[in-house]
Amino acid sequence: METNKQSNFIRDIIEKDIASGKHDQVVTRFPPEPNGYLHIGHAKSICLNFGVAGDYGGRCHLRFDDTNPKKEEPEYVRSIMDDVQWLGFDWGEHLYHASDYFDQLYEYGVELIKRGKAYVCSLSPLEIREYRGTLTEPGTNSPFRDRSLEENLEYFGAMKEGRFGEGAHVLRAKIDMSSPNINLRDPVLFRIVRSDHHRTKDAWHIYPTYDYAHCLSDSIEGITHSLCSLEFQDHRPLYDWILDQLHVRCHPRQIEFARLNLNYTVMSKRKLAKLVSRGLVRSWDDPRMPTLSGLRRRGYTPQSIRRFCDIIGVAKSDNVVDMSMLEHCIREDLNKTAPRVMAVLNPVKLVITNYPREREDKLEAINNPEDESMGKRMVPFSRELYIERDDFMEEPPKKFYRLAPGREVRLRYAYYVTCHGVVKDPSTNEITEIHCTYDPETKGGDSPDGRKVKATLHWVSAGHAQKAEVRLYDRLFSRPNPTEDEKKGIDFLEYVNPDSLNIPDACFIEPGLKDLAPGTNLQFERLGYFCVDPDTKPGKPVFNRTVTLKDAWARIQKKAGKN
RNA sequence: UGGGGCGUAGCCAAGUGGUAAGGCAACGGGUUUUGGUCCCGUCAUUCGAGGGUUCGAAUCCUUCCGCCCCAGCCA
């Protein structure tokens with residue numbers, strides 16, 4: 001599934017920079033904060049950063065932006081590395097942490113003070129906010145703005161030594177309190193945090209802020225193009241200001257692009273964490289989650305996600321991509337690669353009354369009509385089978401051309417059968433058995449007389465079938481935009497789809513599927529793509545439905561229901 | 001009501017003065033032992049709106065409208 005990557009404005013910039021000789025090598029970075037699991041939105045960034053680096057003969061660093069010890073944990077570091085690798089990208093030797101640069105960042109802070117470009121401010125957090133002004137009113141200078149160089153150095157050193165409590169002092173850039181860009185109103189560069197860091201432990205009592213650490217980390221690593229999302233556009237002047245004051249030799253270009261939004265889900269770590277902590281999903285890797293670990297467990301392949309990231313493009317306009325795009329990508333991939341198998345999710349017994357009780361056939365089935373090299377297998381057939389309850393109707397409507405009384409259909413790879421009666425439970429009136437006769441001449445599914453049949457049904461031999469747990473997933477939210485009513489005070493959790501998980505009581509799969517490894521992708525013919533869940537135990541297989549097949553009959557029914 | 005961005009079909013998105021790519025979705029039709037796949041076809045006289053420049057404008061100028069982001073010692 002090779003994709004011709006479509007051009008985008010970032011690739012245009014990079015190509016120009018190479019053509020002009022500004023750079024002879026492209027260096028990008030993916031800079032996650034280890035405070036949550038990666039989601040499909042991060043995949044867009046990963047594919048972009050590693051993608052352009054790879055395509056233009058450069059490299060991409062994985063850098064943990066670990067400047068806030070209060071939120072970050074090693075568990076997240078591990079999952080992020082797993083997910084990036086799973087997606088198929090390799091940072092090689094270039095694994096970094098912003099915390100690797102804390103010493104250097106501190107020295108740069110000293111230099112800024114010496115150049116008269118930074119000062120220690122002893123206003124309280126509340127006061128700093130008040131002094132900042134508003135969107136329409138300029139801020140006012142801090143009374144500490146003109147501290148002497150010596151005093152600044154002394155305080156900054158004391159902050160580092162841990163002589164103050166949180167919030168007592170900060171190091172601020174001395175820029176312009178009346179700037180229309182609020183980010184330039186003497187932004188905080190270092191703050192006191194009395195928490196252990198997951199890597200540097202108790203070595204530091206001050207930590208750099210994002211604006212300060214990010215540009216300098218980029219510079220230290222020799223990044224050429226620093227790609228980030230739109231909300232940082234206002235920060236770019238600060239990014240540039242810091243690097244300019246310090247006269248660093250490497251000054252990367254920050255370029256912003258629009259982050260990914262998908263309908264019927266949420267894409268913020270905070271909201272995803274809330275779903276987990278409220279128990280609305282099982283965990284970060286719940287197959288309903290848009291996390292990479294969730295998608296992986298759901299059965300999405302790395303190829304399908306990379307393809308998705310290719311086709312959605314990269315631009316600067318806010319966007320909400322349709323879930324059907326993602327589904328298209330996984331179907332496209334699995335159609336080519338997933339072995340086909342028969343499974344019945346909502347079974348009803350079908351008895352072939354003219355088929356001897358003790359007889360048993362072994363019928364040849366094709367593993368993947370899209371790929372002959374995947375070969376064939378033998379499937380057992382007998383007098384009693386399970387078929388899908390939805391494949392039979394006593395009084396079929398116009399466009400229903402599956403099994404019905406008096407009608408002949410094909411059982412896939414087996415025989416033509418004709419229905420001549422049903423057995424019902426007298427108390428519930430529910431059909432318990434469908435009675436058919438078969439035509440022995442049609443073995444394999446073809447009739448020698450050229451007789452046509454309108455439908456082919458999947459089935460499983462009742463005596464041979466393997467029981468399985470099958471988890472059917474639907475969209476996590478009932479609305480395209482679950483956050484649309486937040487201004488009205490309605491929390492997004494109100495719109496969680498109560499039917500996002502459905503586990504039918506009795507599912508049967510054809511035998512021979514007992515020992516599949518978790519993660520194995522299959523197509524259950526006519527139903528969808530399914531994947532072996534890690535909950536699988538010997539003799540007790542568990543499957544997740546990755547995505548349904550496109551279903552023309554379902555569409556017809558839906559249309560009929562609306563009219 | 002300050003500043004920074006963005007408006008091309010239901011959705012994503014090319015297009016950068018020469019007469020609106022492509023994909024998803026949808027809708028027709030063909031093939032088919034999966035109502036799947038595959039194949040063929042339909043789907044923007046118009047690019048947020050108005051005005052202007054030009055032989056020619058989605059592209060340039062201008063006015064207006066709409067949406068998003070920013071007042072964390074989060075990233």
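Within every chain, numbering begins at 1; the chains are lettered A, B, ... in the order of the sequence lines, protein sequences first and strands thereafter. None of these values were measured; they are calculated from a predicted model.
Looking at residues two or more places apart in sequence or on another chain, you find a side-chain hydrogen bond (donor to acceptor under 3.5 Å, both in side chains) between A:Lys274 and A:Asp491. Remark: A:Tyr155 pairs with no residue by the side-chain hydrogen bond (donor to acceptor under 3.5 Å, both in side chains) rule, at least two apart or across chains. Residues satisfying the salt bridge (Lys or Arg N to Asp or Glu O under 4.0 Å) criterion with A:Arg147, sequence neighbours excluded, are A:Glu151. With sequence neighbours excluded, no residue forms a salt bridge (Lys or Arg N to Asp or Glu O under 4.0 Å) with A:Arg407. Scored by the salt bridge (Lys or Arg N to Asp or Glu O under 4.0 Å) test, A:Asp391 finds A:Arg402, A:Arg526 as partners (sequence neighbours excluded). For A:His235, the ring pair (Phe, Tyr, Trp, His ring centres under 6.0 Å) partners two or more places apart in sequence, or in a different chain, are A:Phe232.
For B:rU42 and B:rG48, the P atoms lie 26 Å apart once the distance is rounded to whole Å. On the P atoms, B:rC40 is 31 Å away from B:rG18, given to the nearest whole Å. Comparing the same atom, P, in B:rG36 and in B:rU46 gives a spacing of 35 Å after rounding to whole Å. The same atom, P, is picked in B:rU1 and in B:rG66; the two are 9 Å apart, to the nearest Å. To the nearest whole angstrom, the two P atoms, one in B:rU59 and one in B:rA75, are 42 Å apart. Only the C1' atoms considered, B:rC27 is 42 Å distant from B:rC61, to the nearest whole Å. For the P atoms, the distance linking B:rC64 with B:rC70 amounts to 26 Å, nearest Å. Separation of the C1' atoms belonging to B:rG5 and B:rG10 is 25 Å when rounded to the nearest angstrom.
For A:Pro125, taking side-chain heavy atoms from C-beta onward, the closest of the listed nucleotides B:rC12, B:rA14, B:rC73 is B:rC73. Closest approach to the A:Glu33 side chain among B:rA71, B:rC74, B:rG35 is made by B:rC74 (side chain taken as heavy atoms from C-beta onward). If you check B:rC73, B:rG35, B:rU34 against the side chain of A:Arg340, the one that comes closest is B:rU34. Comparing B:rC73, B:rC74, B:rG35 by their closest approach to the side chain of A:Val170 singles out B:rC73. Proximity note for A:Tyr401 (side chain, C-beta onward) versus B:rG36, B:rG35, B:rA75: the nearest is B:rG35.
Using a 4.0 Å heavy-atom cutoff across all strands shown, A:Ser229 reaches no nucleic acid atom at all. No contact: A:Leu527 has no heavy atom under 4.0 Å from any strand. Here A:Phe400 lies in heavy-atom contact (under 4.0 Å) with a base. Within the 4.0 angstrom heavy-atom criterion, no nucleotide atom of any strand lies near A:Lys336. At the heavy-atom level, A:Val314 lies under 4.0 Å from the strands shown only through sugar-phosphate atoms. Note on A:Thr67: only backbone sugar-phosphate atoms sit closer than 4.0 angstrom, heavy atoms only; bases stay farther off. Among the protein residues, A:Tyr207 comes within range of no part of the nucleic acid, since none of its heavy atoms lies under 4.0 Å from any strand. Using a 4.0 Å heavy-atom criterion, one finds that A:Val320 contacts the sugar-phosphate atoms exclusively. Among the heavy atoms of the strands lying under 4.0 Å from A:Pro369 is at least one base atom, whether or not backbone atoms are also near.
Salt-bridge annotation for A:Arg63 and A:Asp218: present, with a side-chain N of the basic residue lying under 4.0 Å from a carboxylate O of the acidic one.
Note on A:Arg132: every side-chain N or O is 4.0 Å or more away from OP1 and OP2 of B:rC70. Within the 4.0 Å cut-off from OP1 or OP2 of B:rA71, not a single side-chain nitrogen or oxygen of A:Arg185 is found. For A:Arg191, a side-chain nitrogen or oxygen approaches OP1 or OP2 of B:rA75 to under 4.0 Å.
Summarising the geometry, the separation between NZ on A:Lys487 and P on B:rC69 is reported as 9 Å, rounded to the nearest angstrom. As rounded to whole Å, 18 Å separates atom P of B:rA71 from atom CG of A:Leu123. Atom CD of A:Glu137 is separated from atom C1' of B:rU1 by 11 Å (rounded to the nearest Å). In this structure, A:Glu231 atom CD and B:rG72 atom P are separated by 16 Å, rounded to whole Å. Going from atom CZ of A:Phe257 over to atom P of B:rC12 covers 16 Å, rounded to whole Å. Rounded to whole Å, the distance from CG on A:Asn8 to C1' on B:rG23 is 15 Å. Straight-line distance from the NZ atom of A:Lys160 to the P atom of B:rC73: 24 Å, rounded to whole Å. For the pair A:Arg402 CZ and B:rG36 C1', the computed distance is 12 Å after rounding to whole Å.
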For RNA chain B, please output the secondary structure as dot-bracket, reading 5' to 3'. Pairs are Watson-Crick or G-U wobble, both atom distances under 3.5 Å; mark crossing pairs with [ ], other-strand partners with |, unpaired with a dot. .(((((((.[[[..)..(...]]].(((((.......))))).....[[[[[..)....]]]]])))))).....

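Applying the side-chain hydrogen bond (donor to acceptor under 3.5 Å, both in side chains) test to pairs two or more places apart or on separate chains, those with a residue in residues 159-171 of chain A are A:Lys70-A:Glu166, A:Ser122-A:His169. Applying the salt bridge (Lys or Arg N to Asp or Glu O under 4.0 Å) test to every pair with at least one member in residues 122-140 of chain A, sequence neighbours left out, gives no pairs at all.
Toward the 5' end of RNA chain B, the nearer of the two residues A:His235 and A:Glu370, judged by each one's closest nucleotide, is A:Glu370. Both A:Pro208 and A:Ala455 sit near RNA chain B, but only A:Ala455 has its closest nucleotide nearer the 5' end.
Side-chain contact between A:Asp211 and A:Trp241 is absent, with no heavy-atom pair separated by less than 4.5 Å.
For the pair A:Tyr210 and B:rA75, the ring geometry does not qualify as stacking, because the centroid separation below 5.5 Å and plane angle under 30° are not jointly satisfied.
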Contacts table for residues 41-48 of chain A: side-chain donor-acceptor under 3.5 angstrom, sequence neighbours left out:
from: A:His42; atom 1: ND1; to: A:His39; atom 2: N; distance (Å): 2.9
from: A:Lys44; atom 1: NZ; to: A:Ala258; atom 2: O; distance (Å): 2.7
from: A:Ser45; atom 1: OG; to: A:Asn49; atom 2: ND2; distance (Å): 3.3

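Side-chain atoms of A:Thr209 come within 3.5 Å of backbone N or O of A:Val188 as a donor-acceptor pair.
Under the 3.5 Å distance criterion, with hydrogens and angles disregarded, no donor-acceptor pair is assigned to the side chains of A:Lys376 and A:Asn367.
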Evaluation steps, salt bridge (Lys or Arg N to Asp or Glu O under 4.0 Å), between A:Asp310 and A:Arg307: CA-CA 5 Å; A:Asp310 285 341; A:Arg307 164 113 247 249; 5.6 Å; no

Sugar-phosphate atoms are those with a prime plus P, OP1 and OP2; base atoms are the rest. Using that split, label each nucleotide of nucleotides 24-30 of chain B B, S or - for protein heavy atoms under 4.0 Å, 5' to 3'. SSSSS--

Going 5' to 3' along nucleotides 2-8 of chain B, which nucleotides have protein heavy atoms under 4.0 Å from the base (write B), which only from the sugar-phosphate (write S), and which from neither (write -)? BBSSS--

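Among A:Val320, A:Asp322, A:Asn263, the one residue that satisfies the side-chain contact (heavy atoms from CB on, under 4.5 Å) test with A:Pro480 is A:Asn263.
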